[in-house]
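Notes to accompany the following structure.
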Amino acid sequence: ERLAAASPGWLEARARVGLQAARHGDRASAAAVDAWLAAHQTPFGIDGGSLIWRARIAARLGDRDRAVGFVREAVARGFHNAALVLHSLDGLESLRGYPPFEAVIGPRD
């Protein structure tokens, strides 16, 4: 939270605050971060960019279909290393083995 406050434009710091809020059931804070991420779309880096952070937050809140929607959108926009990255990202545990998620990301290589 201190890093996000000190660097308000730093996507990863802000996104991690949202992921932690979701982990603790703080839907209001998680939703605020999700809205910020929606307004600050980023290209795909190692973390998958803002869409993947949004997927992680949604999955952590238990909204698997919304999370899969973000993953699907990321893949459609060019996030092609999904099978390598998304099997292990924190926050996506509830999607592992979920058929719609597995169909989008494909087999793990």
Side-chain angles (χ1 to χ4, degrees):
E1 289 179 354
R2 288 185 299 229
L3 288 174
S7 303
W10 185 13
L11 181 127
E12 184 178 353
R14 179 78 60 103
R16 287 191 181 281
V17 168
L19 192 59
Q20 288 301 316
R23 176 177 284 142
H24 294 290
D26 182 352
R27 289 187 165 278
S29 295
V33 170
D34 179 70
W36 187 90
L37 289 169
H40 295 84
Q41 293 290 322
T42 61
F44 302 108
I46 189 68
D47 62 4
S50 55
L51 285 169
I52 300 303
W53 280 108
R54 294 180 75 198
R56 294 167 74 179
I57 291 168
R60 189 51 66 85
L61 289 171
D63 192 345
R64 296 192 306 177
D65 291 331
R66 187 166 189 255
V68 170
F70 290 132
V71 172
R72 189 175 285 120
E73 185 178 348
V75 170
R77 289 186 181 199
F79 184 57
H80 296 295
N81 57 344
L84 297 174
V85 174
L86 298 179
H87 281 286
S88 61
L89 282 178
D90 178 39
L92 296 178
E93 300 86 358
S94 69
L95 300 182
R96 294 188 188 112
Y98 184 52
F101 177 69
E102 299 295 335
V104 172
I105 67 169
R108 184 176 182 176
D109 291 335

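This one's a predicted model, so the numbers in the text were calculated from it and none came from an experiment.
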On a heavy-atom basis, which atom in Leu61 and which in Ala30 lie closest, and how many Å separate them?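 Minimum heavy-atom contact is CD1-CB, 4.0 Å.
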
Would you name the heavy atoms of Leu95 and Ala67 that are closest together and state the gap between them?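 Closest approach of Leu95 to Ala67, heavy atoms only: CD1-CB, 3.9 Å.
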
Min side-chain heavy-atom separation [X]-[Y] under 4.5 Å:
| X | Y | answer |
| --- | --- | --- |
| Asp34 | Arg66 | yes |
| Val71 | Leu51 | no |
| Arg14 | His40 | no |

Should the pair Asp63-Arg27 be classified as a salt bridge under the 4.0 Å nitrogen-to-oxygen rule?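 Between Arg27 and Asp63 there is no salt bridge, as every charged N stays at least 4.0 Å from the carboxylate O atoms.
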
NZ/NE/NH1/NH2 to OD/OE distance under 4.0 Å, Glu102 and Arg96: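 No, this pair does not count.
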
Straight-line distance of [X] [atom1] to [Y] [atom2], nearest 0.5 Å:
| X | Y | atom1 | atom2 | result |
| --- | --- | --- | --- | --- |
| Asp26 | Gln20 | CG | CD | 11.0 Å |
| Glu12 | Leu19 | CD | CG | 10.5 Å |
| Ile52 | Leu37 | CD1 | CG | 11.5 Å |
| Ile57 | Phe70 | CD1 | CZ | 9.0 Å |

Does Arg23, at its CZ atom, have more than 12 non-hydrogen atoms belonging to other residues, nucleotides or ligands within less than 6.0 Å?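 Yes, the 6.0 Å shell around CZ holds more than 12 heavy atoms from other groups.
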
If the condition is ring pair (Phe, Tyr, Trp, His ring centres under 6.0 Å), which residues does His24 pass it with, not counting sequence neighbours?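 Residues passing ring pair (Phe, Tyr, Trp, His ring centres under 6.0 Å) with His24: none at all.
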
Is there a donor-acceptor pair closer than 3.5 Å between any side-chain N or O of Ser94 and the backbone N or O of Ala59?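 Yes; at least one donor-acceptor contact below 3.5 Å.
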
Set out, in order, the CA-CA distance, both residues' side-chain angles and the distance that settles side-chain contact (heavy atoms from CB on, under 4.5 Å) for Tyr98 and Asp65, then state yes or no. CA-CA 10 Å; Tyr98 184 52; Asp65 291 331; 2.4 Å; yes

